[in-house]
Amino acid sequence: MTSSPSVPVSVAPNFITEIIGRDLASGKYPRVVTRFPPEPNGYLHLGHTFASFLDFQTAAQFDGRYHLRLDDTNPAGESQEFAEAIQDDLRWLGWDWGEKLYYASDNFERYYAYAVKLIELGKAYVDSVSGSEMARLRGSAFGVGTPSPYRGRSVAENLDLFARMRAGEFADGAHVLRAKIDLASTNMKLRDPVLYRIVRAHHYRQGDGWCIYPMYDFQHPLQDALEGVTHSLCSLEFVDNRAIYDWLMETLAFAPRPHQYEFGRRSLEYTVVSKRKLRRLVQGGHVSGWDDPRMPTLRAARRLGVRPQAIKAFASAIGVSRTNRTVDLAVYENAVRDDLNPTAPRVLAVIEPLAVTLSHLETRTLSLPYWPDDVVQASPDGLVALPGGERVKPEAAVRPVALSNTLYIERQDFSLTPPKGFKRLTLGGVVRLRGAGLIRADEVIYGESGEVTGLKATWLGEDSGGLKPAGVIHWVDAQSGLSAEFRLYDRLFRVPNPEGPNHDDSLPDFDPEQPGHEDAAQPASSDFLRFLNPESLKVTRGFVERSVAADPPGTRYQFERQGYFWPDPEDSRSDALVFNRIITLRDTWGKSEPALKGKTEPKSARAEPQKAEAPSLTPTQSAEVTRLRALGVAEAEAVVLARDSVLSAYFADTTRQAPQVAAWVVNELGAALRAGEVRLQVNDLPALADLLASGQISSRIAKDVLTESLESGEAPAGIVARRGLKVVSDTGELAAIIDRVLAANPGKLAEYKGGRTGLLGFFTGQVMRASGGQADPQAVGTLLKAKLDS
RNA sequence: UGGGGCAUCGUCCAAUGGCAGGACAUCGCUCUUUGGAAGCGACGAUCAUGGUUCGAAUCCAUGUGCCCCAGCCA
């Protein structure tokens, strides 16, 4: 294999790395520890790549540690085979978790002990209602839950029952252990979640040792804490579960404790990834197996020939955010091509052969370079790889290729009726054989039914007789070339979103972290099968140049003008070559389907201005608005104040400087007030407003001071006095600052003079910063404009 | 219906009150013994309506749209 000089892939800065950076800086944790926790009940797919990459790479970048955890707490569907396949795929991607391999099931005993502790704390109880009854009692969104008749059981009774649950005295489903949290919570997750259920199932690791199994919400936080995880990353649908996570950590008093952070999922166009749909594809014979190269599994990508570096580059490219998104397939394809372009040596293969007999040619052996000039030139060490991986001087990176008077060219490279712009061979036309001189097509040989079966051509060497070759085509010598099978893979589905209601749209439908958990009660829809691409696999027979026979088995090539290929690891043999097409070359000429993606809709068409109606007020609120208006408070702020009990309680009976104070309370302090984080006294605000009104400070200074006193609680006017803040509007002083800023940014200045007037904001910001926020922004504005335009 | 999450070019991600930027895609040009690669350029967005501010993608309010939760799955 070639050693790739490719760029290191990394997670771009995001909201999670920001949090980690803060936690590390504050010393909250000495080092970061993350984990990737797949359940071993299926194969890893492209979607998992993103989650595992985020978990592992983030830790690696912070010089932390990452764990692989098999989250095997539900025996149904889990197996050692899956557990091993997951590890295998992850190792293939290049991850190394060292000793840090965990099986959740190894800790069943410890979970049990924590459950007992919860019971002893009076925070958990054994419930004995049926599943449907429990659902009924939990209530629905608009009502509160009703306590089960068993909620009040004594600690002793709970302990006894729970022990007997474990001992196998009860039938499946007869009892459950529940947390005692809050049946009235608006967060349904908190309405006494189930912690343990009785299931008599054989566990692939624990055998029949247990007949009770812990639930995710109980087990996962514990396992994180037990492993010493610091940042537990999961996808967005677990936000509600975080409340249980925190409750458990606090109730059981773990310190230091892990925290859960959620990220948005990423799905990929043209891909289904639901486990049951994938199984349908396999069982229905639509694909050859879980590693059929068209499948979205990692095993399939691996068999297809995609390199792990490409998968990681893709994961790196799609970014992290708090929104579920569907990524353009082109991003994935680009990652695959980008990885292969500098790493796959070029050779020649003809996929759909057309025989050509050459005249005026003496058989010879050519020496052809494996790499085009641009790859050679881009090489950092000046060397390029041989197929075996050895890096050599460019002139040594060549292979012998025989050329005799019979050869094959691509059937598509000859046309009797060439379309406009056709740059290949036509009757009487001249074309260049890649690396082997020019030929002219003289005669067409037809078969019985009139089809073209061959050509007769003249080899011209470099002497075209003044004719300009139409283009360059690839070829394989018929005498020495090796017969091969080519498997031309394409996307499995015809539409971007085979499982959503709008097939042409994109819709996420997988959890990037967990191999499969759909509603088992719903029948799997087979609707998506309608969108199978009938041309997702095309098999042809053709020829490849003999040199490949000497190369190591796993060599990836670019078959020039065709795409990237490698021998199928399962089916290819030295005497019966089978090549998989990993991906085509980009083709800007054919521009077949992508052009008719048809999703460009002018935005203006859908954007109809909507009017936001004023909220309706209760009589009390109206009265409050009237009172505030009388104090001079602006309408908008009065309404907000009147409707928000926290804000109005804070504002209270303020009358002096009421309009300004109200504006600050609403616009600046609102969020902090509601979060209960404000130490600043409302009584201290009018004094600050006085300073503003008298022109001693600017509103910018006022705002800065406000944020500072928000936390410290120090009176803002006091801060102003202590720090000697005052608005700088002295023209001379400001002009000096402006001159300094302009001198420091000559490039920007030139751009501004060149017409980029938007830069005015940039300069204003710089001047404000240079003055420590004390410059009078209005004065700066006029002065700056005068200077810039002079 | 209750709670929660989210909203920036066609797509994905940035901009942490001061230049709306990058990548992919698309289109054009240059170069090319791959209709590849590379280089250059173009196109193209802050969900809406108000408010605060000298200045808002960012702060405040209201509205709209999408997603998640009411498994003894994870």
Side-chain angles (χ1 to χ4, degrees), chain A residues 12-14 39 71 73-74 76 131 134-135 138-143 172-173 176 185-189 191 194 196-199 215-216 220 236-237 239-241 262 264 266 269 317-328 330-331 334 341 346 372-375 378 423 432 434-435 469 471-472 474 506 508 511 513-514 516-517 519-521 558 560-561 585-590 594-595 597 599-600 603 607-615 634 636-637 639-640 663 666-668 670-671 698-700 703 748 751 756 758-759 761-766 768-769 776-778 780-781:
Chain A
N14 59 72
E39 182 185 13
D71 223 3
T73 56
N74 180 9
M134 194 191 301
R138 183 151 33 223
S140 67
F142 35 16
D172 287 11
V176 293
S185 175
T186 49
N187 178 355
M188 299 298 288
K189 293 284 181 196
R191 318 253 264 224
V194 172
Y196 267 95
R197 75 280 205 189
I198 304 175
V199 184
M215 301 288 290
Y216 168 87
H220 205 94
L236 226 40
E237 69 269 27
V239 248
D240 293 342
N241 303 246
E262 309 86 16
R266 294 288 175 277
E269 289 179 341
I318 58 186
V320 186
S321 72
R322 237 177 120 77
T323 316
N324 293 332
R325 301 282 199 176
T326 300
V327 177
D328 196 327
V331 176
N334 177 259
N341 178 46
R346 273 57 165 175
D373 287 343
D374 50 73
V375 173
K423 288 170 69 173
R432 176 177 293 282
R434 172 109 245 225
V472 183
H474 58 277
S506 327
D511 175 345
E513 198 165 287
Q514 307 301 337
H517 49 85
D519 188 346
Q558 185 194 108
E560 294 209 40
R561 303 213 306 122
L585 254 27
R586 226 169 129 249
D587 184 359
T588 47
W589 192 61
K597 259 186 177 174
K599 47 170 144 184
T600 320
K603 246 191 174 172
E608 228 168 85
Q610 316 148 338
K611 266 191 210 115
E613 256 163 59
E637 279 107 15
V639 170
V640 175
V666 169
N667 293 309
E668 308 297 323
S698 64
S699 62
R700 163 63 176 260
K703 247 175 235 189
K748 299 283 189 191
E751 280 183 62
R756 204 169 150 202
L759 250 22
F762 164 76
F763 286 117
T764 312
Q766 293 296 309
M768 291 305 293
R769 194 159 303 156
D776 173 8
Q778 262 151 0
V780 169

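Remember, it's a predicted structure, so these values are computed and weren't measured experimentally. So you know, we letter chains A, B, ... as the sequences are listed, proteins then strands, and number each from 1.
A:Glu637 comes within 4.0 angstrom of sugar-phosphate atoms only, judged by non-hydrogen atoms across all strands, and of no base. Using a 4.0 Å heavy-atom cutoff across all strands shown, A:Thr764 reaches at least one base atom of the nucleic acid. Residue A:Asp776 is classed as having no contact, given no heavy-atom separation below 4.0 Å to the nucleic acid.
Scored by the ring pair (Phe, Tyr, Trp, His ring centres under 6.0 Å) test, A:Phe763 finds no partners at all (sequence neighbours excluded). A:Glu262 pairs by the side chain to side chain contact (heavy atoms under 4.5 Å, CB included) definition with A:Cys234, A:Leu236, A:Val239, A:Arg242, A:Gln260, A:Arg322, not counting sequence neighbours. In this view, A:Lys748 satisfies the salt bridge (Lys or Arg N to Asp or Glu O under 4.0 Å) rule with no residue, not counting sequence neighbours. Contacts of A:Arg191 classified as side chain to side chain contact (heavy atoms under 4.5 Å, CB included), with partners at least two apart in sequence or in another chain: A:Arg138, A:Leu183, A:Met188. Qualifying side chain to side chain contact (heavy atoms under 4.5 Å, CB included) partners for A:Ile318, counting only residues two or more places apart in sequence or in other chains: A:Phe50, A:Arg266, A:Phe314, A:Val327, A:Val331. Partners of A:Asp374 under the salt bridge (Lys or Arg N to Asp or Glu O under 4.0 Å) rule, at least two apart in sequence or in another chain, do not exist in this structure. With sequence neighbours excluded, the residues forming a side chain to side chain contact (heavy atoms under 4.5 Å, CB included) with A:Asp240 are A:Asn187, A:Lys189, listed by chain and number.
Considering all non-hydrogen atoms of both residues, A:Arg561 and A:Val472 come closest at NE-O, 3.4 Å. Nearest heavy-atom pair, A:Arg346 versus A:Pro372, reported as atom, atom and distance to 0.1 Å: NE-CD, 3.7 Å.
In this structure, A:Arg325 reaches the B:U8 phosphate: one of its side-chain N or O atoms is under 4.0 Å from OP1 or OP2.
Taking 3.5 Å as the limit, the base of B:U33 and the side chain of A:Arg432 contain a donor-acceptor pair of atoms between them. Side-chain atoms of A:Gln558 and base atoms of B:U34 include a donor and an acceptor less than 3.5 Å apart. Side-chain atoms of A:Asp374 come within donor-acceptor range of the base of B:G36, with a qualifying N/O pair under 3.5 Å.
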Close N or O pairs between protein and nucleotides 29-31 of chain B (under 3.5 Å):
none

Check nucleotides 20-23 of chain B against the protein and report each pair of N or O atoms closer than 3.5 Å, with its distance, or say if there are none.
none

Review item, nucleotides 59-61 of chain B N/O atoms under 3.5 Å of protein N/O:
| residue | atom | partner | partner atom | Å |
| --- | --- | --- | --- | --- |
| B:C59 | O2' | A:Asn667 | O | 2.6 |
| B:A61 | OP1 | A:Arg674 | NH2 | 2.7 |

Are there any protein N/O atoms within less than 3.5 Å of an N/O atom in nucleotides 1-3 of chain B, and if so, which ones and at what distance?
| residue | atom | partner | partner atom | Å |
| --- | --- | --- | --- | --- |
| B:G3 | N2 | A:Asp240 | OD2 | 3.1 |

Dot-bracket pairing map - RNA chain B, Watson-Crick plus G-U, both contacts under 3.5 Å, | cross-strand: .((((((..((((....[..)))).(((((.......)))))....(((((..]....))))))))))).....

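Residue A:Pro13 is the one, among A:Arg700 and A:Pro13, whose nearest nucleotide of RNA chain B lies closer to the 5' end (criterion: closest heavy atom).
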